Student: 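Input: one structure, supplied below.
Owing to the predicted nature of the structure, the values given are computational and were not obtained by experimental measurement.
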There are 2 protein chains.
Amino acid sequence: MTSDVEATDRKILELLAADGRMSFTDLGKATGLSTSAVHQRVKRLEARGTITGYGASIDHDQLGLPLTAFISIRPIDPSQPDDSPERLRDVAEIESCWSVAGDESYILKVRVAAPIDLEDLLARIRAAANVSTRTTIVLSTPYENRPV
Amino acid sequence: MTSDVEATDRKILELLAADGRMSFTDLGKATGLSTSAVHQRVKRLEARGTITGYGASIDHDQLGLPLTAFISIRPIDPSQPDDSPERLRDVAEIESCWSVAGDESYILKVRVAAPIDLEDLLARIRAAANVSTRTTIVLSTPYENRPV
DNA sequence: ATTGAAACTCATGCTCC
DNA sequence: GGAGCATGAGTTTCAAT
């Protein structure tokens, strides 16, 4: 089996992933269910944690944060417990934090206004988490966060 | 200036980024505007492309896709034009594609069910885009897609 | 740009199946 | 589980400012 999420629920998830503001009425039309039936299913998916939240996608260029980068970090002192995610949680520029297998321990995705701000951000990250960093600048984003 | 998006619009964007299904009525209460005023502002932000869309966040573990990885790709033949994003667009497992500066040309973020599916996916990516790959497995995701 | 009202659509709980 | 209905809540348009 692929998992125990049923076909109609998958269809609902697919539709909501593509348009998080779709109404229960439209979801019902698309799935052949009544409004109240879809409503009940969506609430159940939310309660089970299958749907973890709803968001709007923002054009960061228009918001003055056109520079995106990946920062891979590695502890300076490998004997210390690595609680980098907690130490970096309040750094607003960090959009995502993944723990990874490989040479580095975490990959961060950050957004800043300009290279000078990236320099400042790197210094703050190194100081806050006691890590070395390796930065990869994003040139463009062909696509991002597509529903899978 | 930080950009020409005005303070009230920023507040609306912040609220919608955190809860994409928030009603216009609640957005009005949170911003001190009437329902129709926020409605007009949101429609304008959508028309200008400041809001690029709405989505639901899904728990991929529950959907049978618990394995996330980053795949960095590099063209085998650097003399050819690199149209990897187009060649890889129809590969459903690819959630995001970023063009980057550095040793590799693109970073892909993918989701699969199990290591065997990653092996299969890597073969398909190499064949479709004529690239070499470097894969980094995600162990856990402390946070992801936070509003900045 | 904003408001307030009007008309319409949707959400949500309930009962019955 | 789901349908159908009732009603309260939310959306959307519009005239006025």
Side-chain angles (χ1 to χ4, degrees), chain A residues 1-66 113 145 147-148, chain B residues 1-66 113 145 147-148:
Chain A
M1 72 170 187
T2 167
S3 107
D4 66 347
V5 178
E6 179 265 340
T8 306
D9 281 347
R10 283 184 178 267
K11 182 69 184 171
I12 290 172
L13 291 168
E14 186 184 318
L15 291 161
L16 280 175
D19 177 7
R21 279 183 87 87
M22 189 177 283
S23 71
F24 295 121
T25 304
D26 285 347
L27 287 170
K29 287 172 185 163
T31 55
L33 263 59
S34 70
T35 304
S36 50
V38 195
H39 179 259
Q40 184 180 310
R41 278 171 179 265
V42 171
K43 292 303 163 193
R44 190 180 56 197
L45 289 166
E46 289 171 359
R48 286 180 180 165
T50 312
I51 295 173
T52 58
Y54 301 92
S57 303
I58 307 298
D59 179 351
H60 290 86
D61 289 15
Q62 291 190 37
L63 277 179
L65 295 172
N145 291 132
V148 296
Chain B
M1 71 168 190
T2 168
S3 104
D4 66 348
V5 178
E6 180 263 341
T8 306
D9 281 347
R10 282 182 180 272
K11 183 69 184 168
I12 290 172
L13 291 169
E14 188 184 317
L15 291 162
L16 280 175
D19 178 7
R21 278 183 88 86
M22 188 177 284
S23 72
F24 295 117
T25 304
D26 286 347
L27 286 170
K29 286 171 186 163
T31 54
L33 263 58
S34 70
T35 303
S36 44
V38 276
H39 177 259
Q40 185 178 311
R41 277 171 179 266
V42 170
K43 291 302 164 193
R44 189 180 55 198
L45 289 165
E46 290 171 358
R48 284 180 180 166
T50 311
I51 296 172
T52 58
Y54 301 93
S57 303
I58 308 298
D59 180 351
H60 291 86
D61 289 14
Q62 291 192 36
L63 277 179
L65 295 172
N145 291 131
V148 297

Student: Using a heavy-atom cut-off of 4.0 Å to chain A, what are the terminal contacting nucleotides of DNA chain C, in 5' to 3' order?
Tutor: C:dC10 to C:dG13
Student: Would you call A:Glu6 and A:Arg41 a salt bridge, taking side-chain N to carboxylate O under 4.0 Å as the test?
Tutor: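 A salt bridge links A:Glu6 with A:Arg41.
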Student: Would a 4.5 Å heavy-atom cut-off, applied to side chains only, mark B:Lys11 and B:Val38 as touching?
Tutor: no
Student: Can you confirm whether B:Asp26 sits close enough to B:Asp19 that some side-chain heavy atom of one is under 4.5 Å from a side-chain heavy atom of the other?
Tutor: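 Not in contact.
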Student: Assuming nearest nucleotide by heavy-atom distance, tell me which of A:Arg21 and A:Arg44 is located more 5' along DNA chain D.
Tutor: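 Its nucleotide being nearer the 5' end, the pick is A:Arg44.
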Student: Under the 3.5 angstrom rule, does the side chain of B:Arg21 hit a backbone N or O of A:Gly53 as a donor-acceptor pair?
Tutor: no
Student: For DNA chain C, what residues of residues 24-32 of chain A have any heavy atom nearer than 4.0 Å?
Tutor: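 The stretch gives A:Phe24, A:Thr25 as the residues lying under 4.0 Å from the strand, ordered by number.
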Student: Hey, does B:Ala37 reach any base, or is it just sugar-phosphate, or nothing, if we go heavy atoms under 4.0 Å?
Tutor: base
Student: Keeping the roles fixed (side chain from A:Arg10, backbone from B:Leu63), state whether a donor-acceptor pair exists under 3.5 Å.
Tutor: yes
Student: Does any N or O in the side chain of A:Ser57 come within less than 3.5 Å of the main-chain N or O of B:Thr52, such that one atom is a donor and the other an acceptor?
Tutor: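 Looks like no, no N/O pair under 3.5 Å.
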Student: When the distance from NE2 of A:His39 to C1' of D:dG10 is rounded to whole Å, what number comes out?
Tutor: 13 Å
Student: Determine, step by step, whether B:Leu15 and B:Thr31 satisfy the side-chain contact (heavy atoms from CB on, under 4.5 Å) criterion, reporting the C-alpha distance in whole Å, the side-chain angles of both residues, the deciding distance to 0.1 Å, and the verdict.
Tutor: CA-CA 10 Å; B:Leu15 291 162; B:Thr31 54; 4.1 Å; yes
Student: So A:Leu33 and A:Gln40, do their side chains get closer than 4.5 Å, heavy atoms only?
Tutor: no
Student: Would you say the base of D:dG4 and the side-chain of A:Ser36 have a donor-acceptor pair closer than 3.5 Å?
Tutor: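 Side chain to base: pair present.
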Student: Testing the basics here: between B:Gly64 and B:Ala113, what is the closest heavy-atom pair and its distance to 0.1 Å?
Tutor: O-CB, 3.3 Å
Student: At how many degrees, to 10°, do the end axes of the helix from C:dA1-D:dT17 to C:dC17-D:dG1 meet when each uses five pairs?
Tutor: 30°
Student: Is A:Thr50 close to A:Asp9 at the side-chain level, that is, under 4.5 Å between some pair of heavy atoms?
Tutor: no
